[in-house]
Amino acid sequence: MPRQRKRACQDTPEPETEAPAGKLVKANKAEIPAEPLGEAKTSDSPEKNRATKESGNETSRYWLMKSEPESRLEKGIDVKFGIEDLKAQPRQTACWDGVRNYQARNFLRTMKLGEKAFFYHSNCKEPGIAGLVKIVKEAYPDHTQFEKDSPHYDPSSKKDNPKWSMVDVQFIRMTKRFIPLAELKGYYHAHKDIGGPLQNMALFTRQRLSVQPVTQGEFDFVLSLEDKKPS
DNA sequence: GCCAACGTTGGC
DNA sequence: GCCAACGTTGGC
């Protein structure tokens with residue numbers, strides 16, 4: 001079974017000055033015709049509602065994206081991709097490949113240019129939020145699903161109807177301090193009892209989802225922790 | 001379409 | 001390294 005977390009992947013050059021000759025860019029712009037969002041009956045009704053009534057309110061939407069900052073081999077390939085790895089990419093941009101979960105994929109497909117996401121470090125010594133990124137390219141086919149040697153190869157996916165998507169993200173900044181999962185969890189539990197912005201945070205209510213929505217209230221609250229003493 | 005077995009996620 | 005949570009698979 002493929003895992004659903006992200007690993008590094010070369011950035012695709014954009015219409016800009018730099019486009020080094022030798023870079024194997026194989027016109028990979030086979031944009032998929034907007035597919036129906038809900039394969040595999042995911043129980044994402046709240047999000048679907050939000051997505052379908054997009055006009056009007058809800059001008060800003062936020063995300064949380066998990067990635068592993070520590071080395072781990074999968075099919076002999078290191079899937080490590082922490083925020084420092086993103087910073088080290090050309091234009092500090094990378095494609096978010098390797099998502100192999102329908103709910104997470106559907107969220108990827110609703111992401112819009114410019115939307116912000118927390119870069120979350122998972123499966124590591126200190127899990128938590130390390131920084132901020134933004135969406136710089138909306139969903140397109142994840143090429144790793146067709147690569148036999150990729151840890152995320154999916155033999156059931158056909159070129160003319162790709163199953164899996166990815167977006168490109170660009171580094172914005174580190175959070176002023178690392179915001180540990182344990183601290184967020186403390187607030188989550190408190191807010192559950194007394195009410196508060198983190199009371200429904202997907203990080204805790206949908207615990208294994210690698211790409212998840214963050215509300216304005218959650219986003220603001222988490223950022224407010226930057227200037228606060230660690231609890 | 002149910003649901004048990006199985007495999008993965010990911011914190012601890 | 002353990003193992004709880006939970007998504008996926010496949011038999012029926």
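Reminder, nothing fancy here: chain letters follow the sequence lines and each chain counts from 1. What's counted below: heavy atoms across the whole structure, side chains too, no hydrogens, waters or symmetry copies.
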Those residues at least two apart in sequence (or on a different chain) that pass side chain to side chain contact (heavy atoms under 4.5 Å, CB included) with A:P197 are A:H191, A:F221

Taken to the nearest whole Å, OH/A:Y102 to C1'/C:dT9 is 12 Å

Expressed in angstrom and rounded to an integer, what is the separation of A:R100 atom CZ from B:dT9 atom P?
12 Å

Taking salt bridge (Lys or Arg N to Asp or Glu O under 4.0 Å) as the definition, give me every residue that meets it alongside A:K176, ordered by chain and number, with sequence neighbours left out.
A:D227

Rounding to a whole Å, what distance do you find between A:D154:CG and B:dT8:P?
14 Å

Find the distance A:R72:CZ to B:dG11:C1' and express it as a whole number of Å.
14 Å

Is it the case that the side chains of A:R100 and A:Q145 hold a donor-acceptor pair, with the cut-off being a distance below 3.5 Å and no angle test?
no

Quick one: A:Q103 CD to B:dT9 P, roughly how many Å, whole number?
14 Å

Ring-plane angle category for A:Y188 and A:F204, please: parallel below 30°, perpendicular beyond 60°, tilted otherwise.
parallel

Between B:dG10 atom C1' and A:N101 atom CG, what is the distance in whole Å?
14 Å

Shorter than 3.5 Å, N or O on both sides, protein versus nucleotides 1-6 of chain B: list them out with atom names.
none

From B:dC12, C:dT8, B:dT9, nucleotide with atom closest to A:L181 side chain:
B:dC12

Considering just the side-chain nitrogens and oxygens of A:K66, establish if one lies under 4.0 Å of OP1 or OP2 belonging to B:dT9.
no

Return the set of residues passing salt bridge (Lys or Arg N to Asp or Glu O under 4.0 Å) with A:E226 (not counting sequence neighbours), or none when no residue passes.
A:R173

Considering every strand and a 4.0 Å limit on heavy-atom distances, what is the contact class for A:K125: base, sugar-phosphate, or nothing?
nothing

Looking across every strand, which nucleic acid part, if any, lies under 4.0 Å from A:Y120 by heavy atom: base, sugar-phosphate, or nothing?
sugar-phosphate

Please state how far atom CG in A:N106 lies from atom P in C:dG7, giving the value in whole angstrom units.
14 Å

If the condition is side chain to side chain contact (heavy atoms under 4.5 Å, CB included), which residues does A:F171 pass it with, not counting sequence neighbours?
A:I83, A:L86, A:K87, A:Q92, A:M174

Find the distance A:Q207:CD to B:dT9:P and express it as a whole number of Å.
13 Å

Going by side chain to side chain contact (heavy atoms under 4.5 Å, CB included), name the residues that satisfy it together with A:Q170, two or more places apart in sequence or in a different chain.
A:R91, A:T93, A:K134, A:V136

